[in-house]
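Written below as structure tokens is the structure these notes are about.
Source: prediction; values computed, not measured.
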Amino acid sequence: MAKRPETKAREKTGIPQEKVDPVEAANQKVANEVARRKRIVRNFPAAPVEEPLEFAKQIFEFGSGEPVRRLTFFDHIDRAPESGGSRQLITNANKYGLIKGNYQSDLIELAPDAIRAVDPQIAPRDQARARIKVAIEDIEVFSKLHERFVGKTLPARAALIDAVVELGSARDAAEEAVDTFIVNLRFVGLLVTLSGAERIVSKDHALDQLPSSGNLSRPVISLESKGAIVTVEHAHYETTCFYITKLGL
């Protein structure tokens, strides 16, 4: 006679059958999954660069580039300084090399690269160069990925995941690494559409598209778009407009 599912669950837990609570068993399963996710080891920041960079910009505007008191600053932006979200924001900004200090520091200081990346007085090409540095070049796995595929069309997501693992990322963190890498590429101008296909371009190519003076303008990319990344295998060429003419004209 086949055993009922709840009986199998009781045997697995080692708890006497009369003491098993289905709700407790479900809660334990969720707790185990949460613990597993917390054990993921990342060799890259846990978020795309856009939000930490906006955080650095707010610090710059609040303190005119000078160190600011953490509690005063968070009160200014109307966020709880001890909340999980605020701590993670500081941690991510730190991992991108944008700030000095952590979520327990009295003072938060912008790093030189952060100031160059957000100061509106900086020339567009110099500002873009600083953004590329913190978003891609200073993150080893992202830098190596860019070097491997620069000048080529964006590979299929699965191919990028394999490449990330080869470069030392944990398998259970590889998908997140690829998503963050692609979002960062697009944000700093290293992923562009050429001839109807997304192509990973060099830093020099990206900088050549910018004016030598004025303000750097980059479309804001919502962090919610993380799950909407388009790779070559998912491109919808039927919705792409092409201009066709006869040869020789």
Side-chain angles (χ1 to χ4, degrees), residues 42-143 146 180-181 183-191 201-226:
R42 299 179 180 86
N43 58 348
F44 57 93
V49 74
E50 183 180 0
E51 187 179 18
L53 198 61
E54 178 60 29
F55 178 64
K57 181 180 178 182
Q58 290 178 310
I59 295 173
F60 178 85
E61 293 174 345
F62 179 71
S64 297
E66 294 297 315
V68 301
R69 291 201 172 276
R70 179 175 59 87
L71 297 181
T72 305
F73 171 69
F74 274 96
D75 180 67
H76 172 73
I77 62 175
D78 197 26
R79 293 187 65 157
E82 303 302 333
S83 69
S86 295
R87 290 188 174 198
Q88 188 62 53
L89 186 56
I90 291 176
T91 299
N92 289 336
N94 189 287
K95 287 188 175 182
Y96 276 113
L98 296 171
I99 64 171
K100 299 176 183 178
N102 55 46
Y103 57 76
Q104 294 179 326
S105 301
D106 291 332
L107 294 175
I108 300 178
E109 180 180 354
L110 290 176
D113 285 334
I115 294 176
R116 283 191 288 270
V118 302
D119 187 348
Q121 300 302 315
I122 299 295
R125 290 182 184 177
D126 291 335
Q127 196 174 77
R129 187 177 286 106
R131 293 186 179 190
I132 291 171
K133 182 176 185 295
V134 298
I136 301 296
E137 294 177 340
D138 286 350
I139 311 300
E140 184 178 4
V141 64
F142 293 170
S143 179
H146 180 252
T180 303
F181 171 67
V183 171
N184 283 3
L185 281 180
R186 186 174 287 117
F187 179 72
V188 300
L190 294 180
L191 182 61
V201 299
S202 67
K203 179 170 66 175
D204 288 342
H205 177 94
L207 296 178
D208 285 344
Q209 310 309 305
L210 300 173
S212 58
S213 61
N215 293 324
L216 177 62
S217 176
R218 181 75 63 198
V220 175
I221 299 173
S222 170
L223 298 183
E224 297 300 322
S225 68
K226 181 177 179 180

With sequence neighbours left out, the residues meeting salt bridge (Lys or Arg N to Asp or Glu O under 4.0 Å) with Asp126 are Arg129
Going by heavy atoms in the side chains, are Glu51 and Asn92 under 4.5 Å from each other? no
Enter the distance from Leu110:CG to Phe60:CZ here, rounded to the nearest 0.5 Å. 8.0 Å
Please report the closest heavy-atom contact between Val183 and Pro48, naming both atoms and the distance. CG1-CB, 3.7 Å
Can you sort out the partners of Ser86 under side chain to side chain donor-acceptor pair (under 3.5 Å), two or more places apart, ordered by chain and number? Ser83
Once rounded to the nearest 0.5 Å, what's the spacing between atom CD1 of Ile108 and atom CZ of Phe74? 5.0 Å
For residues 99-107, which side-chain donor-acceptor pairs fall under 3.5 Å, sequence neighbours excluded?
residue	atom	partner	partner atom	Å
Asn102	OD1	Gln104	N	2.8
Asn102	OD1	Ser105	N	3.2
Asn102	OD1	Ser105	OG	3.2
Ser105	OG	Asn102	N	2.8
Ser105	OG	Asn102	O	3.4

When every non-hydrogen atom of Ala93 is compared with those of Pro52, the smallest separation belongs to CA-CB, 3.9 Å
Sequence neighbours excluded, every pair satisfying side-chain hydrogen bond (donor to acceptor under 3.5 Å, both in side chains) that has a member inside residues 54-72: Arg70-Glu82
For Ile136, all residues meeting side chain to side chain contact (heavy atoms under 4.5 Å, CB included), sequence neighbours excluded: Phe142, His146, Phe181, Asn184, Leu185, Val188, Leu190
Where Leu71 and Pro81 come nearest, the two heavy atoms and their spacing: CD2-CG, 3.7 Å
Taking only residues two or more places apart in sequence, or in another chain, which ones meet Asn43 in a side chain to side chain donor-acceptor pair (under 3.5 Å)? Ser169
Enumerate the side-chain hydrogen bond (donor to acceptor under 3.5 Å, both in side chains) contacts for residues 132-143, please, sequence neighbours excluded, ordered by first and then second residue. Asp113-Lys133, Lys133-Asp138, Glu137-Lys203, Glu140-Lys144
Contact summary for Ile115 and Gly65, nearest pair of heavy atoms: CD1-O, 4.0 Å
On the 0 to 90° scale, with breaks at 30° and 60°, tag the Phe73-Phe55 ring pair as parallel, tilted or perpendicular. perpendicular
Side chain to side chain contact (heavy atoms under 4.5 Å, CB included) filter on His205, not counting sequence neighbours, yields Val201, Ser202, Gln209
Between Ala130 and Ala117, which heavy-atom pair has the shortest distance, and what is it? CB-N, 3.9 Å
pair Pro45-Ile139: side-chain heavy atoms closer than 4.5 Å: yes
Under the 3.5 angstrom rule, does the side chain of Arg186 hit a backbone N or O of Leu191 as a donor-acceptor pair? no
Once you round to the nearest 0.5 Å, how far does CG of Leu210 lie from CD of Gln127? 9.5 Å
